[in-house]
Participant: 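Submitted below is the structure of interest, expressed as structure tokens.
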Amino acid sequence: MRLANKIKLLSVTLLSILFLSYLLNYFGVSAINKLTYGFNSVFSPNPLLVAYGVAVLLVAVAIAFYPQITEFFGRIRLPLPENKIVAFAAVAIIFFILFNAFGSQVYSGDPWGKIGARGETELKSRFFMSSPITSYLNYKFYDVTHTNFGWPPEKALGFASTIRGAFFIFILLMLVSALDISRLGKAITFGLVATAGFMQIYFSYNGSSDLLGIFTLLFIYVSYQYIKGKIKHIEIPAAVAAVMFWSHGSAGFFLPALLYLHVASTDAQKFNFDGIKKIFFSKQFVRLIFGLLLPTAILFGFIEFEASTYFGTHITNIKALGLGDFAGGGDAIMFFPLVEPQIKSYAPYTLFSFRHLLDFLNYMVLITGIGFFALVVALVSLRKRINFREPFVFFLLTMIVFDLLFVLTWGTDTTFYRKFYDAGFVLNTWYPESIFAAVVLFLLGYLLAKHVNRENLVQIGTSAIFTNLVISIPWVLHNAGVL
């Protein structure tokens with residue numbers, strides 16, 4: 001079966017489950033929500049949702065069986081803008097308007113709004129050490145808006161997230177425009193990322209991973225330029241990686257990709273003594289460490305200045321500064337337990353349980369739409385065409401594989417098991433795993449653009465982007481109070 005047909009079949013399958021969930025909710029079978037909350041994020045016996053499910057399923061079937069529909073989209077030729085920066089800024093502003101127009105009215109209980117407000121009196125809130133850059137910027141934005149406009153912390157940080165969402169879109173456009181792929185491939189890559197559910201974090205969201213999304217795209221951008229030889233110094237991606245890490249500590253799982261950049265640019269052929277010497281005892285490795293340490297030193301110097309000036313203490317005062325979520329969050333549990341946990345409010349199941357797998361699959365549907373499953377299908381179907389030694393592909397796969405370990409195993413109270421159906425409604429996605437979704441969708445678009453012909457690319461892109469939108473829109477509207 002051709003890859004295009006596999007993706008279209010996958011789309012129809014996912015949307016069939018979505019329709020079934022809407023239908024069963026309408027007839028009062030709410031127990032289905034425990035199995036399908038990633039598809040149906042509204043949990044309402046609303047006849048409009050049943051009609052919506054029927055309509056989108058029919059469209060998905062039409063896309064699958066009538067290629068004339070996708071051929072229409074393939075004939076569309078968007079004019080090249082004379083000034084890319086202005087055009088990208090205009091698109092970012094449009095998204096900024098959408099983020100605000102459909103901003104979330106659901107306050108998830110995520111403490112980040114209150115952490116921003118407490119930054120005036122608490123050093124550990126001003127610099128929440130698992131994401132000190134984000135917490136400080138949140139505090140300053142709240143301080144300015146509260147002082148001048150009287151905004152509460154939830155409103156201040158919600159608006160800040162929409163601004164960051166506009167920057168995310170702008171940088172995403174800059175990134176896809178730099179790729180060595182067709183214009184169609186660039187458009188589909190952008191569409192896959194920008195329509196997925198994880199974008200909910202920019203719809204007036206209170207949290208800590210919206211800034212991480214921006215720095216992750218910047219890291220991918222400078223790394224791509226380094227691979228292509230347009231950036232000559234490893235210090236630049238290393239410095240961006242350091243800022244990315246201090247914007248949210250979960251980005252530490254992306255750092256092996258930085259080491260790969262270094263290894264790939266050396267002439268080490270084998271991981272023997274000579275290879276280790278070339279990798280770890282070289283001037284370039286010293287420059288990489290310098291690139292990581294310089295932003296870190298500046299940040300810690302600034303924290304020391306703030307601590308001594310406004311709190312009369314020092315950065316060495318761990319009690320005052322705290323460790324953020326590095327100690328495992330509110331429950332001090334860092335990983336999903338291997339045996340039955342005692343604190344079930346935080347860890348209701350074990351790492352290898354069926355419920356964990358079910359939650360993971362639902363969460364992937366919610367934040368990536370068709371993306372995670374389509375990437376698995378594409379990697380298998382295109383395995384003979386994909387050059388897995390291509391530096392940029394290997395770089396992105398390294399990011400995904402190591403971050404997947406985080407998504408599957410990291411058991412703090414900010415991961416995906418403590419939410420959704422137990423609360424009776426779908427909360428904002430305030431989890432750093434959302435950025436994992438962005439990288440997955442980006443790699444999917446890049447691989448399709450590189451290894452699929454135009455006709456199939458149009459079919460796959462149309463089906464996948466449509467599926468993402470169908471799953472994302474009800475969630476956004478529900479959190480905005482429309483549904």
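Just so you know, these numbers come straight off a predicted model, no measurement behind them. Throughout, residue positions are numbered sequentially from 1 according to the sequence presented.
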Participant: Can you say whether the rings of Tyr224 and Phe392 are parallel (under 30°), tilted (30 to 60°) or perpendicular (over 60°)?
Facilitator: perpendicular
Participant: When the ring planes of Phe305 and Tyr310 are compared, do they come out parallel, tilted or perpendicular, using 30° and 60° as the limits?
Facilitator: perpendicular
Participant: Could you tell me if the ring centre of Phe219 sits under 6.0 Å from that of Phe254?
Facilitator: no
Participant: Before we go on, tell me: are the rings of Phe360 and Phe372 under 6.0 Å apart, centre to centre?
Facilitator: yes
Participant: Any side-chain donor-acceptor pair under 3.5 Å between Arg126 and Tyr136?
Facilitator: no
Participant: Does atom CZ (Phe302) have a neighbourhood of more than 12 heavy atoms from anything else shown, all under 6.0 Å?
Facilitator: yes
Participant: Is atom CZ of Phe141 surrounded by more than 12 heavy atoms (other residues, nucleotides or ligands) closer than 6.0 Å?
Facilitator: yes
Participant: Could you check whether atom CZ of Phe88 has more than 12 heavy atoms from other residues, nucleotides or ligands sitting under 6.0 Å from it?
Facilitator: yes
Participant: Taking Ser472 for the side chain and Gly197 for the main chain, is one N or O donor matched with an acceptor at less than 3.5 Å?
Facilitator: yes
Participant: Classify the angle between the aromatic ring planes of Phe95 and Phe99 as parallel (below 30°), tilted (30 to 60°) or perpendicular (above 60°).
Facilitator: tilted
Participant: Classify the ring geometry of Phe442 against Tyr446: parallel below 30°, tilted from 30° to 60°, perpendicular beyond 60°.
Facilitator: parallel
Participant: Please report the shortest heavy-atom distance between Tyr22 and Leu49, naming the atom on each side.
Facilitator: CD1-O, 3.2 Å
Participant: Are there over 12 heavy-atom neighbours, none belonging to Lys124, within less than 6.0 Å of that residue's NZ?
Facilitator: no
